[in-house]
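Here is the naming used below: chain letters follow the sequence lines, and residue numbers restart at 1 for every chain. As the structure is a computational prediction, the values presented were derived from the model and not from experiment.
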Amino acid sequence: MDAWKKEELAAAGINVEDALGRFMGNEMLLNRFLKKFLDDTNYGKLSQAMEAKDTEGAIAASHTLKGVSGNLSMTRLHELLTSQVAALRAGDWEAASALMPEISQAYDAVVAAIQRSA
Amino acid sequence: MEETPVRKTEHGIPECMLIIDDDEINRGILDNIFSPFYTIEEAENGKIGLEKLLARTEDYSAVLLDVMMPVMDGMEVLRHLKERQLLDKIPVFLITAEASVDTMREAYQMGVMDVISKPVVPFVVQRRVNSVVELFRARKRLGNVVERQQSELLLQAQKINELNQGMLETLSAAIEFRDVESGEHVRRIHDITSYLLLHTPLGEGFDEEEIEQIALASIMHDVGKIAIPDAILNKPGRLTPEEFEIMKTHTIEGAHLLERIPQLRENGAYHYAYDIARHHHERWDGRGYPDGLKGDEITIWAQVVSLADVYDALSSKRVYKDAFTRERVVAMIKNGECGVFNPRLLECFFTVEKDLAVMYEKEA
């Protein structure tokens, strides 16, 4: 992977080395899944569920997105979603809701970096 | 990372791993980690995974199972597998992002081999999964070996039994030869005894194995004759009273002889053999020898062999006599010319006598 791409992704909160380790150095596979992340519908589902105050829907979407972001080593996004899932499970809607602006910001940054580099 | 070729089963088919996870990236990561070792199959929820597992149980060497999934979650899959006792046969690994202590405890109690947290660390998950699969493989191999050894042992036990019987027959026949009778005599006593017990109510209360033991024991009824001097044993004419007293001791001598073979005493046929050797000349009216037992004091097996012995002696040619005709034999037994027998024994005997007579037809 080109150095500038790595820097681009790193700036958006993606630990590329860590992700490559998980894919056992298989760059093609990592690239494929990074591109697929652009089609992932869970962020949209999460936003809708938060607006509709749908706890179950929010947990499902936030949990799935957390898993995906963890696997792709989107460190910042993964940390935020981990907190949100914990808050939602604990029934703390306020806290979960308060995390949304930061989550959106981290998500947009990741999407933009992938679009530029992949 | 060490390179190991795809694992093959005994039949040369690559071993199969099933990855059950709703997240495509997770499946891709695990597939990438394990494809050097296994043929990978994927299922996107618990229901599809379970169906695959139940359809081809024997084909899977390992299952990687996610917990949170739509349609059917991982814990539900585990419950189904436990119910069918498949968790003992296929190692199942729970791969989960949030394993609460309660979930882990429940999973381990049901029988998962390991709980591995997501995101996975490739070399860790690879090592943990492959070690357990290797263990299962070794256990299965060992199980096969034990199974094979057990059937070999059974076969050997059977051979030893056959050898035992062969030696007993040979010994008995050798003794009968001295008595100038053929080895056919002991063979027929065996068959008549066995036939009477298997095909008449006389055998009630005995299972097939016991009947075979009694039949085997009947072969040895005259082993005591080895202790009788040739001059008496093979005397063509009538025995003097003194000679007859000596002749009668073949019953007690036979029982003593059998008693002195330690290996025989451990055989199931021993207590029949001892009793038959000692009591096959007792009579229903109490006038037999050596103990003068009367009626039911004589065991049914000794009574059966006693009658079989008389029937065979009358029906076959001996040095001192020709074979009697079948009608004459039946008449002599009915009239009590050759001893007094239990009426019930005679009744049973006559119901199947026509089947026994077939044995002598070729001689006539």
**OP:** Tell me, for A:Leu30 versus chain B, whether the close heavy atoms (under 4.5 Å) come from the side chain, the backbone, both or neither.
**Re:** neither
Original post:
What do you reckon, is CD of B:Glu210 surrounded by more than 12 foreign heavy atoms closer than 6.0 Å?
Top reply: yes
Original post:
What closest approach, in Å, do A:Arg22 and B:Val120 show between heavy atoms, and which atom pair accounts for it?
Top reply: NE-O, 3.4 Å
**OP:** Between chain B and each of A:Lys36, A:His78, A:Lys66, A:His63, count heavy-atom pairs under 4.5 Å; write down the option with the most.
**Re:** A:His63
**OP:** Check for a donor-acceptor pair, side chain of A:Asn71 on one end and backbone N or O of B:Ile25 on the other, with a separation under 3.5 Å.
**Re:** no
**OP:** Can you establish whether the number of heavy atoms outside B:Glu51 located under 6.0 Å from its atom CD is more than 12?
**Re:** yes
Subject >> Closest-packed option against chain B by number of heavy-atom pairs under 4.5 Å, given A:Thr82, A:Val85, A:Val68 >> reply: A:Val68
Subject >> Separation between CD1 of B:Ile29 and CZ of A:Phe33, rounded to the nearest 0.5 Å >> reply: 7.0 Å
Original post:
Any chance CD of A:Glu94 has more than 12 other-residue heavy atoms, nucleotides or ligands included, within less than 6.0 Å?
Top reply: no
**OP:** Side chain from CB out, backbone as N, CA, C, O: work out which of these in B:Asp23 comes under 4.5 Å of a heavy atom of chain A, or both, or neither.
**Re:** side chain
Original post:
How far does CG of A:Asp40 sit from CD of B:Glu24, to the nearest 0.5 angstrom?
Top reply: 10.0 Å
Original post:
What is the minimum heavy-atom distance between A:Leu29 and B:Gly28, and which atoms define it?
Top reply: CD2-O, 3.9 Å
